[in-house]
2 protein chains.
Amino acid sequence: MKLSEKKSLKKKEQILLSAVKIVNRHGYDGATMEEIAAELLMTKGSLYYYFKNKGDLMYQCHNLILSKAIDELKEHINEEDSAEEMLRNMIITHIDFAIEEQETFNLITRPYHTFNKEQLQEVLKLRKNYSGLFDQVIEKGLSSKAFKIKEPIIARMFMLGSMNWIQQWYNPDGRLNKKELQKIFGDYMIKLLK
Amino acid sequence: MKLSEKKSLKKKEQILLSAVKIVNRHGYDGATMEEIAAELLMTKGSLYYYFKNKGDLMYQCHNLILSKAIDELKEHINEEDSAEEMLRNMIITHIDFAIEEQETFNLITRPYHTFNKEQLQEVLKLRKNYSGLFDQVIEKGLSSKAFKIKEPIIARMFMLGSMNWIQQWYNPDGRLNKKELQKIFGDYMIKLLK
DNA sequence: AGTAATTTTAAACAATCATTTAATTTTTGA
DNA sequence: TCAAAAATTAAATGATTGTTTAAAATTACT
């Protein structure tokens, strides 16, 4: 690979990270190309040298974060833990992403309005992938009789929803810190599933 | 009250209802004054005869729906039911609003970005009012020993979050209809609290 | 019926942004 | 060092949309 290509890739990544930061701050609609560029001391025009358009940039942001999250979940699943222990770890990861990556993580609560057809297909695939990991663990718990829950798919959506909503009220200076919340949420989930 | 004032109030209400409809369809940013007016066969300019600006209109939409929801919750609380029965009814109401009023109900996940100071104060007051009703019932259940949960405030946020998120995945043509979902969610909540 | 108040409208305005373009600057590599 | 390639920029463009305005249409009321 030529030097210039390497540099280009690196720049692309920097832009992506800047975009993630701005999106987390202002949401999809609120993130302007101008601000994303300014973060890197560039002008917005340059962004189009690296990305086709804003939609493309947003799409890649979402994919980046979601892929990272999937990787982290998989690490927890590969360990030789009980379903309960695995689930507790996955909850910690999910809440981490929901809090730290805020808008980018769920980016596009309204994916149909935001992404084009091919992007949408990929996004839905990734999301299915993601939630499938939770389903897997719940299934494991059910078959080992550690869990006992009706409608496990609904239960999974119930759980993910409660966690995704944390970002609406979480306050880093609140009475409970992130770690404490993660513990409490884990306890709740286990109680729900047992 | 003069006839013209009555008519004016009626028109104002119609506009509000149209705005609610459009917001539920496209979200806050996606709702244009043009479309809100078109729904009533008016032109957008007319809206400014009744509302100061878009922010004002959105604010009144949110208040309208939230107030309705509060009223409905209060009806459930005033009955002579057990905490469990009351909570089940409140869950049905909440899910109804979350599904049917979609965007308007949670309108402004990002209230700081959307409302001005006085509006924000009123919105936060209403929201506190709303969630306080759930806290009340949980407290009632705790003191009657029907419930047993640590960190009841967090549990309430947990529950509201899981319900608010329903609108992200709910499909009216899905395997489970709304009523079935409400039942399942009620069961989950009770299991969590007991 | 006729006048004053009320309501509505079309058009102009203004602000915001995403995107394009053409020129300029910087970097690369022989 | 120097020409070609790569990267960046400033400015223009175009589309959207909230808001204002002044005139026109409608309605209320004596």
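Computed from a prediction, not measured in an experiment: that's the story for all the values here. Below, chains carry the letters A, B, ... as their sequence lines are ordered, and counting in each starts from 1.
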Contact class for Y50(B) vs. all strands (heavy atom < 4.0 Å): base, sugar-phosphate, or nothing? sugar-phosphate
Contact class for L41(B) vs. all strands (heavy atom < 4.0 Å): base, sugar-phosphate, or nothing?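 Result for L41(B) = sugar-phosphate.
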Would you say the side-chain atoms of E34(A) pair up with the backbone N or O of K44(A), donor to acceptor, closer than 3.5 Å? no
Euclidean distance, atom [atom1] of residue [X] to atom [atom2] of [N] [Å, nearest integer]:
X	N	atom1	atom2	value
K52(B)	dT20(D)	NZ	C1'	14 Å
K10(A)	dA7(D)	NZ	P	14 Å
Q14(A)	dA7(D)	CD	P	13 Å
K7(B)	dT26(D)	NZ	P	13 Å
Y49(A)	dA22(C)	OH	C1'	15 Å
L40(A)	dT9(D)	CG	P	10 Å
F51(B)	dG18(D)	CZ	P	15 Å
M42(B)	dA10(C)	CE	P	12 Å

What pairs of nitrogen or oxygen atoms, one from the protein and one from nucleotides 15-18 of chain C, lie under 3.5 Å apart?
{"unit_1": "dA18(C)", "atom_1": "OP1", "unit_2": "A31(A)", "atom_2": "O", "d": "3.4"}
{"unit_1": "dA18(C)", "atom_1": "OP1", "unit_2": "K54(A)", "atom_2": "NZ", "d": "3.0"}
{"unit_1": "dA18(C)", "atom_1": "OP2", "unit_2": "M33(A)", "atom_2": "N", "d": "2.9"}
{"unit_1": "dA18(C)", "atom_1": "N7", "unit_2": "K44(A)", "atom_2": "NZ", "d": "3.3"}

Under a 4.5 Å side-chain heavy-atom rule over Ile, Leu, Val, Met, Phe, Trp and Tyr, are F97(A) and I95(A) clustered together? yes
According to a strict under-4.0 Å criterion, is K11(A) in side-chain N/O contact with OP1 or OP2 of dA6(D)?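 Answer no for this pair, as no side-chain N or O of K11(A) is under 4.0 Å from OP1 or OP2.
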Distance test, side-chain N/O of S46(A) to OP1/OP2 of dA7(D), below 4.0 Å: no
I'd like to know if E122(B) and K125(B) make a salt bridge, using a cut-off of under 4.0 Å between side-chain N and carboxylate O. yes
Any salt bridge linking K194(B) with E84(B)? Criterion: basic side-chain nitrogen under 4.0 Å from a carboxylate oxygen. yes
Walk me through whether D96(B) and Q182(B) qualify under side chain to side chain donor-acceptor pair (under 3.5 Å). CA-CA 9 Å; D96(B) 268 337; Q182(B) 286 167 321; 3.1 Å; yes
Measuring centre to centre across the rings, with the benzene-like ring taken for any Trp, is Y28(A) within less than 6.0 Å of H62(A)?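 Ring centres of H62(A) and Y28(A) not closer than 6.0 Å.
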If you check every side-chain atom of T43(B), which of dT27(C), dT7(C), dT9(C) has the closest atom?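 Among dT27(C), dT7(C), dT9(C), the one nearest the side chain of T43(B) is dT9(C).
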Would you say the side chain of M159(A) lies within less than 4.5 Å of the side chain of F185(A), judging by non-hydrogen atoms?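 A side-chain contact under 4.5 Å is absent here.
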